[in-house]
Amino acid sequence: MEIGIVTIFPEIFGAVSGFGMTRRALESGNLAFSVFDVRDYASDRRRTVDDRPYGGGPGMVLTPGPLAECIDAARQKVSGPVVYLTPQGEQFDQGTARELAGLSGLILLCGRYEGVDERIVETRVDREISIGDYVLSGGEFPAMVIVDAVARLLPGVVGNEKSVLEDSFNEGMLDCPHYTRPENFEGLDVPKVLLSGNHEEIRQWRMEQALERTRVRRPDLVRSAGRSETEN
Ligand code: ADE
């Protein structure tokens, strides 16, 4: 899968290409990554990419000219929908991550300041996505969230593919608790069943724990899982 990023802060994405699972995804060739700097398409010497909003008010808006050229350059190289990261978008979740991971390409457009000129949304954007009901200063961190969530779903990326299958949210539920050595830590024992070697009992215990956690912490998920079961 190829992901293009349109941003005024290209350096931030060194965090994605330089570390951890996203780095492994790039090195293994399962993921390709291109970052496009909007300032490269500015027409003045100061590389200006923003201006004051028509109608007044605080903040700055990314101007459409350089942004359009930058997105068009990205589209020359990367196929797939242009996704604009904005609090006004549809809410990102594991289902969206799975959907995006099925694409051969994707362009993530990172806004800044008060946003991008609406005509960019009208002419260049296929989809608007929010990572949650809070306002960040730009779309770069949301884009990194999406790259991470999508990259780990690509075939061949996570070392243990089973771990992806057993993730939180894959059954529409939260994850069970996990333990490793030592058996006793500060007086707290690892649950005996996990030492039993009885795989069926362990599976059962984990499922019960996941269900109970979901019921207590996220009853909304239990309700929507129940609904989709009766729908199917
Ligand atoms: N840009 C600023 N805040 C955002 C959010 N919550 N989700 C996606 N993009 C954003």
Side-chain angles (χ1 to χ4, degrees), residues 1-17 19-22 25 31 33-39 41-42 48-68 70-71 74-75 78 80-103 105-153 167-169 174 217-218 220-221 224:
M1 176 179 197
E2 179 157 32
I3 299 183
I5 309 272
V6 173
T7 174
I8 61 167
F9 292 125
E11 293 84 2
I12 290 183
F13 291 91
V16 170
S17 46
F19 300 93
M21 190 275 314
T22 44
L31 178 66
F33 199 56
S34 325
V35 182
F36 299 85
D37 185 350
V38 182
R39 287 190 196 281
Y41 301 86
T48 310
V49 290
D50 60 338
D51 209 335
R52 287 168 300 159
Y54 276 122
M60 300 289 268
V61 177
L62 291 178
T63 55
L67 211 45
C70 188
I71 294 169
R75 290 204 293 199
V78 182
V82 175
V83 173
Y84 172 39
L85 287 322
T86 166
Q88 278 71 243
E90 60 181 289
Q91 167 92 47
F92 184 70
D93 63 14
Q94 191 64 23
T96 323
R98 275 194 291 268
E99 191 188 323
L100 297 180
L103 300 173
L106 175 67
I107 296 171
L108 298 174
L109 167 60
C110 308
R112 273 273 138 185
Y113 312 117
E114 299 306 304
V116 306
D117 189 290
E118 189 63 20
R119 290 163 295 183
I120 287 296
V121 180
E122 281 171 30
T123 59
R124 302 288 195 288
V125 169
D126 300 301
R127 189 165 178 179
E128 296 176 67
I129 291 182
S130 164
I131 63 159
D133 287 339
Y134 40 82
V135 180
L136 301 169
S137 53
E140 281 76 13
F141 290 115
M144 287 196 272
V145 165
I146 291 179
V147 171
D148 191 280
V150 167
R152 61 188 298 285
L153 297 179
D167 269 345
S168 292
F169 296 113
L174 301 184
R217 298 182 188 187
R218 294 291 304 276
D220 57 308
L221 290 179
S224 63

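Atoms within a ligand are numbered from 1 in the order they appear, just like the ligands themselves. Each residue takes its place number in the sequence, starting with 1.
- Backbone and side-chain nitrogen or oxygen atoms of T86 are examined, and one is located within less than 3.5 angstrom of a nitrogen or oxygen of ligand 1.
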Name each donor-acceptor pair under 3.5 Å that joins a side chain in residues 50-60 to protein atoms two or more places apart or in another chain, with its distance.
none

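- We find the CD1-CG distance between I5 and L106 to be 8.0 Å, quoted to the nearest 0.5 Å.
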Between side-chain atoms of residues 137-147 and protein atoms elsewhere (two or more places apart, or another chain), which donor-acceptor pairs fall under 3.5 Å?
| unit_1 | atom_1 | unit_2 | atom_2 | d |
| --- | --- | --- | --- | --- |
| E140 | OE1 | R112 | NE | 3.0 |
| E140 | OE1 | R112 | NH2 | 3.0 |
| E140 | OE2 | T7 | OG1 | 2.6 |

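- The shortest N or O to N or O distance between I131 and ligand 1 is below 3.5 Å.
- For the pair I129 and ligand 1, a heavy-atom separation below 4.0 Å is found.
- Ligand 1 lies less than 4.0 angstrom from a heavy atom belonging to P87.
- Looking only at side-chain heavy atoms (C-beta outward), I129 and L100 come within less than 4.5 Å of each other.
- Of all atoms in ligand 1, listed by their number and element, those nearer than 4.0 Å to a heavy atom of G138 are 1 (N), 2 (C).
- For the pair V6/C110, no side-chain contact is recorded, criterion being any heavy-atom separation below 4.5 Å from C-beta on.
- The part of P142 lying near ligand 1 is the side chain, judged by heavy-atom distances below 4.0 Å.
- Looking at atom 6 (N) of ligand 1, its nearest protein heavy atom turns out to be Y134 O, 2.8 Å.
- Using a 4.5 Å heavy-atom threshold, the side chains of D148 and V16 count as separate.
- Looking only at protein heavy atoms, the nearest one to atom 2 (C) of ligand 1 is L136 O, 3.3 Å.
- The pair R39-D37 does not meet the salt-bridge criterion, since no charged nitrogen lies less than 4.0 angstrom from a carboxylate oxygen.
- Of all atoms in ligand 1, listed by their number and element, those nearer than 4.0 Å to a heavy atom of L85 are 8 (C), 9 (N).
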